[in-house]
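Each remark here refers to the structure printed beneath this line.
Just so you know, ligand 1 is whichever comes first in the structure, and atom 1 is the first atom listed for that ligand.
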Amino acid sequence: MKVEVSEAQIQTVADQVQVHKFGGSSLADAYCYRRVARIVTEYAGASDLVVVSAAGDTTNRILAIIDAKHEADADADGDYGMAEVLLKQLEKYQQGLITELLSGEHQQRLLRASEIDFARWWDWLSGAEIIENRPELLSYGELWSARLLSTLLQQQGTQADHIDARSFLVADDAPEPLIRVDVSRAGLLNRIAPYAGTRFIVTGFICADPEGRSLILGRNGSDYSATLVGSLIDSKQVTIWKDVAGVYSADPRKVERVVSLPILDWREAEELARLGSPVLHPRTFQPVNRERMVIAVRSSLKVENQQTRIGLYEDAEASGKVLTALSEVVLFRVDLRDAKLIEAFEELELTPLISWNEVAQHQAYYAYHQNHLDYMEQWLAEIDTKHNASKLTGYAMLALVGNRIQETEQYSVFKQETSEQALRRLALTPDNNAVVAILEQKLDNRLLNRIHSQLFNHRRSLGVLVVGRGNIGSAWLSLYRRLRERINEQMDVRIIGVLNSTRMWLDYNGLDLTDWQDNFERLARPYEMSQLIPELPNAPYDELVMLDLTDATAVAQLYPSFFANGLHIISANKRAGASTESQYSEIRTIQQEYQREWYYNTTVGAGLPLNYALNDLRNSGDSIQSISGIFSGTMSWLFENFNADVKFSDLVREAKERGLSEPDPREDLSCQDIIRKLLILAREIGLRLDWKDIDVDSLLPEHLADIPLDEFMQRLPELDDGMQDLYQDAQQTGKVPRLLASFAVRDDDRVIARVGIEYIPEGDMLANLIPGENIFVIYTDWYHEMPLVISGPGAGKEVTAGGVQSDLNQLLSRLSKKV
Ligand code: ASP
Ligand code: MG
């Protein structure tokens, strides 16, 4: 056949027409068809070619019908029931697509065509019509989908038509049909060149011999059809639309945290296909002019996702790109002295995954994919009548593909990882674009995931700066030492510094925490926090976190600077969360701007899971109406122990000595500590509240407020008379004094907040706490008749250190999910 169109037209086709391909699963139902139609109108050019497979599993259904008929034929009193059922189902499926997608004249026309086709099928089944040629039956699958898609486009007003590939794609029959390029090219160009502005839908999978008999291009052959068609018109690009976004570092159905590959070199893609990766059919690459064409692999479900472009990217840096696996591999073993058989293997066109010799044993091994077993056995039956080749099963393959694989670091990781398995053989492929391991064991996804993450997801690291080495700091450091292994599971976590207000012990490699107190004494140097912070981004970690285990305003004031220098923050220090509205909103703004995490679960109720409860309720649609209770472990301890026979000053002194109060007990007595908690809680649930909005009754007389701590401790008894009076006063009505905090959201959205002494009936829950216990009484929309009550110890270095650890765990699980 001659090309009848002009050179100029041919050139226009080559420049402008691109090819798209949609597989069967992209056309499985009416919804899928509409999506494909939308992609074809929006993402394909006006004259583009669209190659389609048979809808859904039509090809498999056709094969099943043919098999059922053959079985019935073979049976003497043949029962065609099974074949009939299957054919009816296929007819219903195909016609269902037509009626769902088309209407009016379009529907009528296609239903008529379909009825004619199926009448032929029924005739064939009953023996009234002879169709010996299986490919002819198989061809219907692709014919139906091409016809339907083009009609759907027409109905939508898009200029479209369909082409049966057998009308131009001519091949000579062979196990893999040999395309007659010139005739095929002429046929295609003559058909499309005069019709610029029409989108042609072309049947994949099928072609015809010179006599017009149908041939197929092999299972899943439509990818090959697409690049064939692209090559015939010399197209610049073929886009293969899939239900995954391109090519990944491993099979995303089996492996987590796979990365998608923006580019892949031809040889890598080809090697990948040869090694059994399901992404593209090996023959897809055969017809391609590698200098000119690019194959894009792209998601039809998420069009906006990254695509993989396969092209000439030879100069790209050497790197391992894809981990691919075959769970069933067969080995053929041949005696090296059997020269004829060895030669036959060496010349066989179907190349093995790998092959190797074991010279001492006089043996050669050829590894093949299970899918090729039938072919291999047939071939062997013909050439090896004496059965000299033995077949060994029970093997699997893992391979890492990437050009110049041997130069990459992943090569040694792969070698190391596979050597820990039942490794039978490891070898580089001759072109050095894959390393292949044959394992004498089963593969499971866990192993794949493990090796994949070793190869591609380097373990992310977190550097921890511990500020404050008092009670909580010490308790957390010993907790950390105990849990180190667990903490390090998700990320590589290291303590890079321990700091107090004047000295720091810093080492970016990570501190050795055995005898850390001594080491601190020996190695800590004076420092200036404001100078240290801008240096911290140099620490070689993926992420950094500062644990603020101090009670220092000076540290809290630096939060914006910590965030801006890339640190996350975990606070046991309340000062930032309870700073003035304007400081607080500055901290939040910077935190958001730099997308840092801030956890402060221990600032209210120490280790109690208060923040979880509140956030969970709010995230589930509840809203908090009020919270009241005893927010201070110190105050709880003081008042639960206080009675007519005890001096309040003795209790304060004991609380300080036992570490139950803030280092300066005036923080507690003035209610500052409680106000801070109240502010943090209120802000946590989204309320705007500032110091000045809270109504406070302090227990601290003003004249004791500004004297040095030592002097204050000496003058503590000055509190006693007043406190005793308070107690007696409450007793008049059978009550006891308690220091309560509360806030409530009023109907007009204003917040009422108060901290001070209340008299509580002696039997009340609030009057009967264990000394030190905190209690939070929470009323919400859902908990309005009976409140949600959270109580338990609200102070203590162990529970607080545990709460800090809980924050760190949260941070870790959050960070380790970021890729
Ligand atoms: N419909 C054919 C098959 O299922 C071709 C293809 O899907 O690529 O094998
Ligand atoms: Mg298919």
Contacting atoms of ligand 1, where contact means under 4.0 angstrom from a heavy atom of [X]:
X: R219; result: 3 (C), 4 (O), 9 (O)
X: S53; result: 6 (C), 7 (O), 8 (O)
X: F205; result: 2 (C), 5 (C)

* Please indicate whether any nitrogen or oxygen in K21 is less than 3.5 Å from any nitrogen or oxygen in ligand 1. => no
* Looking at ligand 1, does any of its N/O atoms fall within less than 3.5 Å of an N/O of T59? -> yes
* Considering the options L228, T284, L217, which one meets the side-chain contact (heavy atoms from CB on, under 4.5 Å) requirement together with D223? ->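 Result for side-chain contact (heavy atoms from CB on, under 4.5 Å) with D223: T284.
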* Determine whether any heavy atom of G221 lies closer than 4.0 Å to an atom of ligand 1. => yes
* Any H281 heavy atom less than 4.0 Å to ligand 1 ->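 Contact absent.
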* S214 and R166: side-chain donor and acceptor closer than 3.5 Å? -> yes
* To do: Indicate yes or no for a side-chain donor-acceptor contact from E142 to the backbone of A54 under 3.5 Å, with no hydrogens or angles considered.
  =>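 Confirmed, E142 side chain pairs with A54 backbone.
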* Whether H369 and H372 hold their rings parallel, tilted or perpendicular, with breakpoints at 30° and 60° ->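 Perpendicular.
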* **R274/E271 salt bridge by N-O under 4.0 Å criterion** => yes
* **Positive for side chain to side chain donor-acceptor pair (under 3.5 Å) with D48, one of R199, H20, Q16, Q237** => H20
